[in-house]
Each structure stands twice: as C-alpha cells, then as structure tokens.
Amino acid sequence: MSDPFELTDRPAIDPSLNDPSYDGASAHRAAYLETLNESQREAVETMDGPVLVLAGAGTGKTRVLTTRLGHILRQGRAAPGDLLAVTFTNKSAREMQRRVAAMLGTPVEGWWVGTFHALGARIVRRHAEAVGLKSNFTILDSDDQVRLLKQILNARDIDPKRFPARAFSTVIQRWKDRALTPEKVPQTDDALDGSAIGVYKEYQEHLKRINAADFGDLLMLCVTLFQAQPEILKSYQRRFRYILVDEYQDTNVAQYLWLRLLAQRHRNICCVGDDDQSIYSWRGAEVANILRFEQDFPGAKIVRLERNYRSGAHILGAASGLIANNEGRLGKTLWTDRTDAEKVRVRGVWDSQEEARWVCDEIEMRQTRAESLNSMAILVRTSAQTREFEERLITLGIAYQVIGGLRFYERQEIRDAVAYLRVIAQPRDDLAFQRIVNLPKRGLGQATMQTVHQDARARAVPLTTSIMELLSTDELKPRPRKTLNDLMTDFARWRRESQTRPPAELLDLVLAESGYLDMWKSDKAITAPGRVENLKELVLGLNEFETLTSFLEHVSLVMDNEDMKNVDKLSLMTLHGAKGLEFDTVFLPGWEDGLFPHQRALDETGVQGLEEERRLAYVGLTRARHSAYITFAASRQIFGKWQSSLPSRFIDELPLEHIERSRELGIAQGGADGNWKGRQHRTLDDTVFAPARNTVNGLEVGQRIFHQKFGYGQIRALDGEKLDINFEKAGAKKVMASFVEPT
DNA sequence: ATGTACAAGATTTTT
DNA sequence: TCTTGTACAT
C-alpha cells in the first residue's frame with residue numbers, strides 16, 4: 001500500500017467524480033448545493049483566496065466545510081492529495097471523511113485530514129533528522145512527560161512539594177503552545193522561581209537523547225522546521241492548494257503559525273470558527289487569531305452564518321441571553337424559525353445525590369417514551385462529577401458510556417504491553433523501559449536502577465545503552481547483572497523477531513516469554529481476569545497493523561473511544577468533550593458557583609476566566625436540539641466531604657421567558673439577599689432558587705477576606721465555625737471565622 | 001528487594 | 001473518597 005502522504009506521488013482524482021454519467025450519488029450531487037442557504041452557499045462557493053466563516057452554534061458549519069471540500073473535488077480544482085483539512089479531534093476528522101464520501105458517493109483516498117497533532121507528526125517524522133530526532137521517535141503522552149520531568153527535578157534537587165512536576169509540565173506546555181523553544185522563551189517569562197527555562201532546556205535535551213517527542217513538539221518542531229528550512233516549507237506550500245480548518249477559535253499560536261506558513265503560497269485557506277465557543281484559552285488558544293485573520297490574509301472574504309438549525313427557540317434564546325453577558329464578542333445574532341414550545345428546565349435540589357437521582361429518573365422517563373439513549377447526554381464541568389451519575393445509572397440499569405474517561409489504551413495492562421513494544425521498536429525509549437524493567441518482578445530494585453540511572457545521566461546516554469556498558473564491568477551485583485543480561489538478550493531476540501513476524505504475533509510471543517501474561521494469570525485480584533482478556537483483545541486489535549511503528553503512532557495520536565455502534569447508550573462527558581456534538585436532550589448538572597463557573601478559573605484569570613466559563617455554558621446549552629435541563633445542588637461532596645454551594649450566577653443570567661423553574665421541596669425559602677461582589681441581579685426572584693444560605697459571622701462563600709497571618713483570600717466553603725479559604729499567597733487553608741475580616 | 005501501614009494530597013478543562 | 005508517597009519490617 002502506498003503512503004498517501006508521500007509528497008512525490010500525488011494521488012489523482014477519481015475520474016468518476018467528474019464524470020457526468022457516473023451516478024453513484026446522483027441524489028447527493030443534485031442536492032448538495034441547493035439545500036444550502038444563501039450564506040452557507042457563499043462560504044462553499046468562494047473558491048479563490050482566504051475565507052473566514054464566522055459561524056454560530058448549530059448553523060451547519062461542518063456541513064459547509066465538507067460541502068466545500070466536495071465542491072472543490074467535484075469542480076476538479078484539486079486532487080485529493082492537494083487538500084489539507086485540519087480539525088481538533090479524530091472524531092470530527094472521521095466525520096468529515098464520512099460526509100465527503102457520502103456527498104461524492106465514493107470514498108476519497110489520499111487527502112490530508114486529521115488533527116493538528118497527527119498531521120504535524122507526519123511532517124516531523126518525515127524530516128526527523130532535521131530536528132535532531134530519528135524517524136522512529138516515540139510520542140510521549142502527558143503521563144510520560146510528567147514522569148520524565150520528575151526525574152529531572154529530582155536530579156536537580158528541586159523540592160517537589162513547592163514545585164511539583166505537574167507545574168513544570170504546565171509551564172512548558174504553554175510555551176510549546178506558543179511555539180517557543182527554550183532559546184526563545186524571554187527571560188522575563190521564566191516561572192517557578194526562575195528555574196523553569198533551565199528545566200525546559202534539559203527536558204528538551206533529554207527528549208532527544210531518548211529519541212522522543214511530546215505532543216507540543218509535534219507542532220512546535222514543525223514550525224521551527226519550516227522556519228529553518230525554507231525548501232521543506234516550500235514543498236508543502238506547493239502541495240496544499242486548499243486548506244480548511246475547523247474550530248478555528250481554538251487554535252493556539254503554534255497552530256496559527258503553522259497554518260499561516262502553509263497557506264502563504266496559494267492563500268486558499270478557509271477557516272470556520274465561532275468566537276463564542278472559544279473554550280481552550282487555558283491551552284493557549286487565542287480568539288485573537290480570528291480577529292487578525294483579515295490582517296494576515298488581506299482581501300479575505302468574511303461570511304457569517306447566523307441561522308441556527310439545531311436548537312429550539314427557547315434553548316437558543318436562553319443561550320443567546322447568557323452569552324450576551326460577555327463583552328468583547330464579535331457579535332452574532334443567531335435566529336431560528338423553529339417554534340418548539342419547550343423551555344429550558346432549571347431545577348434546584350438539596351445535594352448531588354439527589355441531583356443524580358432526579359436527572360437519571362428523567363432519563364428513564366424519557367426512555368419509556370421511546371426516546372433513545374443515544375440522543376441524550378449528561379454534560380458536566382469536571383470529570384469527577386461523572387461518578388455519582390455512573391453509580392445511579394448502574395443502579396437503574398441504564399446503558400451509558402463515559403466519553404473521554406479511561407480509554408482502552410490508558411489501562412495499566414495495555415500500557416505495560418505497549419511499553420514492551422515501544423522498547424522493542426526503539427531501545428532508547430527510557431520511559432517505556434522503566435515501566436517494564438521490573439514487571440513482572442525480576443528482582444531489580446531501587447539500588448540497581450539507581451546505579452544505572454547515575455551512569456546514564458553521567459554519560460548522557462539512554463538507559464539501555466548504559467546497561468550494555470555496565471554489564472561488562474563489575475559495578476553491578478552478580479544477581480541483578482545476570483537478570484539484566486537476560487532481559488537485554490530477550491529484547492535483542494524480540495527485536496530480531498519483529499523484523500519478520502507481524503506485530504500481533506510478536507506481542508503474543510513477548511507477553512508469553514516475558515512472563516507478563518503469567519503475572520496476571522496467577523494474580524488473585526478480581527480485576528486480573530479482565531486484564532488478561534484486555535491483553536487478548538489488544539493482540540487481536542494489533543492484527544490491523546502491518547508495522548509496529550504504525551501501531552504505536554495510532555496508539556498515541558489517533559486512538560480514541562471507538563463507541564460501539566448500534567448499541568443504545570447514554571453519553572456522559574465533560575463540557576469540553578462535547579464540543580462539536582449535538583443531542584436531542586442535554587442535561588447540565590452542577591451549575592453552582594465555584595464549580596461552574598469553576599473557582600480556579602475565577603481565581604487564576606478573573607473576568608477573562610469567567611467569560612470563558614460562560615462560553616462553556618453557552619456551548620453546553622447549544623448542544624441541545626429539543627430539551628435542556630440545568631440543575632444545581634445546595635451541597636455536594638468534594639473529597640468525600642460535604643460542602644455547601646450557591647446556584648451559579650449563570651442561572652441568573654438566563655432570560656426568564658426562556659426558562660421554567662422547579663425546586664425540590666424545602667430548598668426554597670432561604671431568604672438571603674444574595675448580594676455578593678460582582679454579582680449582577682436580573683429579575684429572577686432569588687428566594688425561589690437560593691438554598692438555605694449559610695453564613696458565618698456574616699461571611700459567605702465566594703467572598704474576599706483578609707487574614708492577619710495569611711493575607712487576602714477567598715472563601716471556598718463554610719464548615720461550621722471554620723472557613724475553607726483559598727489564600728492568594730498561602731494557598732488553601734482552614735481557619736476560624738473569627739480571625740478573618742471582610743475586605 | 002519487597003511488602004505493609006499509615007499519612008497526605010488531590011480535581012478544572014485536553015490533543 | 002481514592003490514589004500516591006514514605007517509613008519500617010521482613
């Protein structure tokens with residue numbers, strides 16, 4: 001099979017696509033443009049030059065994008081191989097492929113479609129040497145990244161209590177999102193007591209040593225490659241005659257630079273986005289990318305899509321009223337001619353368990369009315385919220401799937417098995433090696449590994465290289481030396497086998513010979529048999545792949561929850577995970593201040609954070625076609641402790657005419673006035689909504705306070721006479737109410 | 001080298 | 001509540 005990404009052989013367009021007598025999809029052909037509205041059509045048919053489509057939620061932007069792709073092919077303006085379509089999730093990439101195929105009546109092969117990361121990986125792999133890697137480099141996930149950083153910090157004697165590896169990981173990721181190599185990070189941006197740039201530099205060097213790249217590298221290296229090697233850039237510029245980008249509002253600086261470089265020659269770039277749905281600024285996304293589009297591409301055509309086809313009038317009205325509270329929007333006025341009578345239902349309950357019970361009862365009720373579970377979803381703010389719903393759903397026997405939860409490839413036994421394959425494919429992969437060096441237990445403990453680590457570090461070589469050297473000295477004790485020697489012999493043999501055997505067979509062999517499978521077989525834990533099953537499934541799944549490398553790339557970049565078709569299941573996911581999806585009925589639990597909007601967002605980025613949370617709420621609401629439910633609880637368990645909370649300020653912002661309120665008995669008559677700083681009151685009668693509001697010494701949750709010893713902070717929760725306060729300097733602390741004063 | 005017990009800490013959001 | 005890290009015994 002030829003590599004569709006090969007630059008030299010440009011896949012030709014399927015002649016049948018342009019043949020008028022071919023009627024593989026005559027229905028689609030006749031209809032594909034006629035069914036578009038005027039603005040959609042404009043976005044599809046403007047072929048030459050840059051196009052920016054400002055599309056509101058549910059206005060058919062994916063449809064525009066795919067129709068445009070099909071249209072380009074149908075007109076014979078480009079061959080599939082000349083197209084570059086970029087999305088954020090593999091799911092939407094697959095959806096795009098499916099739709100284009102449906103429209104043309106035949107599958108289209110050989111075009112570049114995928115996520116930024118997957119496409120970046122292709123390019124980096126092709127030119128790996130130019131960025132100091134070998135073409136079989138490993139792609140590290142964030143777990144590996146943190147583990148590697150831990151080692152670096154450990155060697156540098158950085159106190160993990162004060163500066164945990166996670167903090168460094170975040171800082172480095174942010175820099176990579178801005179395409180900043182260690183050399184380019186301004187000194188003034190150095191973080192974590194000025195140690196971050198140094199750590200970043202060492203981290204990058206370490207990655208090269210073990211021949212690995214992390215997610216951020218896939219794009220950053222691509223950008224630096226293009227900047228350093230104009231010839232390479234030119235070849236791609238020539239290649240991509242048409243570029244299409246979905247969810248443009250969520251592109252970060254690295255992605256933006258990448259696109260801008262690639263589009264320079266043909267300038268046929270079409271970006272589709274909605275500033276009101278920008279929810280990834282914490283990952284470096286810049287809404288500003290939309291604003292500067294016209295500057296970067298002078299003469300750009302701007303098309304607005306404002307007609308919403310998805311949601312009922314009340315849902316759209318509620319969402320629009322909510323998002324109107326944000327300032328600095330580009331401003332779109334979504335409209336619909338639907339006249340559904342269903343309002344957004346808002347309900348207050350006592351606690352999170354009651355919330356789960358009520359939501360799941362409602363789901364069950366809808367199910368008995370012949371609504372499919374596939375058409376319903378529960379969208380939560382934090383992944384921890386899914387647990388209570390899961391418990392309830394299991395009790396009721398409702399089938400569900402958690403999207404974005406623990407995936408197949410994230411399970412322990414699968415990661416272990418994959419680690420074996422990684423070491424076989426790439427002996428320099430230290431992180432994979434460390435994972436399995438003593439798994440199953442081989443008697444290689446701390447002492448031995450410490451010796452190896454020190455040697456590897458001193459000579460700046462990967463662990464396996466160091467071990468090969470150490471084996472010929474007497475630095476290691478006889479027992480571990482023999483064990484390591486055997487292990488290295490095993491790996492050498494497996495590596496030889498990998499040349500001739502298909503990957504599935506190889507894994508089967510490795511699992512048996514390493515004793516890893518036996519380890520689980522003899523394990524008495526209840527989870528053990530399941531793990532053995534999973535390993536069998538992995539071997540089976542490997543049959544699809546011809547090479548080890550292609551499988552490993554699939555695991556790290558393409559693999560996501562392959563939801564089983566034809567099974568009716570309720571979806572449970574975070575609001576972020578719901579981007580680009582739609583459901584008939586959507587449940588939005590946990591609308592409480594502190595949870596949604598999330599306290600961290602408010603603390604860290606203030607008004608900006610609040611606005612992003614509001615956009616997230618907007619995204620949530622606009623996922624619904626017919627029905628939307630919002631719930632909030634007066635108290636909720638966090639870390640196993642009950643905490644009281646107040647309804648989200650977003651609830652106050654929903655226009656009354658579009659919502660319908662209800663409450664659990666007894667929750668209502670709090671009678672508090674609900675005035676806290678920065679809170680704007682609209683006409684909503686708060687007494688109906690506010691659960692009995694706890695105050696201690698006149699202090700309440702969310703309030704800013706001052707403490708003699710710890711300084712300024714914000715009250716997170718009340719706990720009897722104690723307050724749980726998040727101090728700006730000192731962090732989270734519990735203090736007596738009598739020691740703080742309001743500011 | 002490995003197993004156990006207890007304490008401390010964690011949770012925004014992700015390709 | 002659940003997971004991870006540390007200290008100490010085996």
Side-chain angles (χ1 to χ4, degrees), chain A residues 86-93 114-121 139-143 145-147 150 154 160-161 164-166 169-170 173-174 176-177 213-220 247 250-252 254-255 278-285 352 379-388 391 403-405 407 410 412 438-450 477 479-480 483 555-560 573-580 590 594-605 609 612-613 615-617 619-620 636-643 716 731-732:
Chain A
V86 197
T87 66
F88 270 80
T89 61
N90 289 301
K91 194 170 183 162
S92 64
T115 61
F116 279 99
H117 290 89
L119 297 171
I139 297 166
L140 301 186
D141 61 20
S142 41
D143 262 30
Q145 190 189 25
V146 171
R147 267 192 294 154
K150 265 187 192 157
N154 197 15
K161 286 251 160 60
R166 290 227 166 263
S169 166
T170 310
Q173 272 185 53
R174 294 240 165 103
K176 290 193 175 184
D177 287 339
D214 65 18
F215 278 111
D217 283 340
L218 299 177
L219 278 159
M220 187 180 78
E247 311 279 10
D250 284 326
T251 49
N252 61 34
Q255 291 159 340
S278 166
I279 53 175
Y280 281 97
S281 73
W282 55 275
R283 271 284 278 99
S352 45
L379 310 181
V380 293
R381 173 68 249 264
T382 69
S383 38
Q385 282 171 264
T386 56
R387 231 192 63 225
E388 278 174 307
E391 281 167 10
I403 294 179
R407 302 161 195 196
E410 282 166 5
Q412 191 187 338
N438 198 27
L439 202 77
K441 297 246 170 336
R442 299 184 170 96
L444 296 165
Q446 265 187 345
T448 309
M449 287 319 289
Q450 203 170 347
K477 298 226 165 64
R479 265 265 279 284
T483 315
V555 167
S556 36
L557 288 174
V558 184
M559 187 65 209
D560 52 8
M573 66 186 103
T574 63
L575 286 160
H576 284 88
K579 173 160 103 164
L595 180 61
F596 191 37
H598 201 280
Q599 196 58 51
R600 285 276 262 270
L602 301 177
D603 291 347
E604 280 163 25
T605 40
E612 179 144 323
E613 296 284 294
R615 289 194 290 271
L616 200 50
V619 167
R636 172 177 300 278
Q637 255 180 333
I638 297 168
F639 300 141
K641 279 184 140 183
W642 287 101
Q643 312 249 293
R716 291 204 300 189

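Below, chains carry the letters A, B, ... as their sequence lines are ordered, and counting in each starts from 1.
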Of the listed nucleotides (dT15(B), dT12(B), dT2(B)), which one gets closest to any side-chain atom of Thr89(A)? dT15(B)

So Gln446(A), base contact, sugar-phosphate only, or nothing? Heavy-atom distance under 4.0 Å. sugar-phosphate

Counting C-beta onward and ignoring hydrogens, is there a side-chain heavy-atom pair between Thr87(A) and Glu247(A) closer than 4.5 Å? no

Taking only N and O in the side chain of Ser383(A), is any of them less than 4.0 Å away from OP1 or OP2 of dT13(B)? yes

Would you say Thr115(A) and Leu557(A) make side-chain contact, with heavy atoms under 4.5 Å? no

In whole Å, I'd like the distance from the NZ atom of Lys441(A) to the C1' atom of dT2(B). 7 Å

Taking only side-chain nitrogens and oxygens of Thr448(A), does any of them come within less than 4.0 Å of OP1 or OP2 of dA1(B)? yes

Checking dT12(B), dT15(B), dT2(B) against the side chain of Phe215(A) (C-beta onward), the nearest is dT15(B)

Expressed as a whole number of angstroms, how long is the span from His576(A):NE2 to dT13(B):P? 9 Å

Taking only the C1' atom of each, what is the distance from dT11(B) to dT6(C) in whole angstrom? 23 Å

In whole angstrom, give the distance that lies between atom CD of Gln412(A) and atom P of dT3(C). 11 Å

Answer yes or no: is there a side-chain heavy-atom contact under 4.5 Å between Thr605(A) and Glu612(A)? no

So what does Glu247(A) touch, heavy atoms closer than 4.0 Å: a base, only the sugar-phosphate, or nothing? nothing

How many whole angstroms separate atom CD of Gln450(A) from atom P of dA1(B)? 10 Å

Name the orientation class of the two ring planes belonging to Tyr280(A) and Phe88(A) (parallel below 30°, tilted from 30 to 60°, perpendicular beyond 60°). parallel

Just checking Phe88(A): base, sugar-phosphate only, or nothing, at a heavy-atom cut-off of under 4.0 Å? sugar-phosphate

Quick one: on DNA chain B, does Arg600(A) or Ser142(A) contact a more 5' nucleotide (nearest heavy atom)? Arg600(A)

Can you figure out which of dT14(B), dA1(B), dG3(B) approaches the side chain of Thr574(A) most closely? dT14(B)

I'd like to check Arg381(A) versus His576(A) (side-chain heavy atoms, cut-off strictly below 4.5 Å). Are they in contact? yes

Which of dT2(B), dT14(B), dT11(B) is nearest the side chain of Trp282(A)? It is dT14(B)

I want to verify a distance call: between dA1(B), dT2(B), dT12(B), whose nearest atom is closest to the Asn438(A) side chain? dT2(B)

Lys150(A) side chain near dG5(C) phosphate (N/O to OP1/OP2, under 4.0 Å): yes

Looking only at side-chain atoms of Tyr280(A), point me to the closest of dT14(B), dT15(B), dG3(B). dT14(B)

When all nucleic acid strands are considered with a 4.0 Å heavy-atom cut-off, which category describes Ala447(A): base, sugar-phosphate, or nothing? sugar-phosphate

If you define the side chain from C-beta out and look only at heavy atoms, does anything of Gln599(A) sit under 4.5 Å from Leu602(A)? yes

Are dT12(B) and His598(A) stacked, with the base six-membered ring and the side-chain ring centres under 5.5 Å apart and planes under 30°? yes

Whole-Å distance separating the NZ atom of Lys91(A) from the P atom of dT14(B): 14 Å

Here the distance between atom P of dT14(B) and atom CG of Asp250(A), to the nearest Å, is 12 Å

State whether the distance check finds a donor on one side and an acceptor on the other, under 3.5 Å, for side chain Arg283(A) versus base dT15(B). yes

Lys641(A) atom NZ is separated from dA10(B) atom C1', nearest whole Å, by 14 Å

For the pair made of CD in Glu612(A) and P in dT14(B), what is the distance, rounded to whole Å? 12 Å

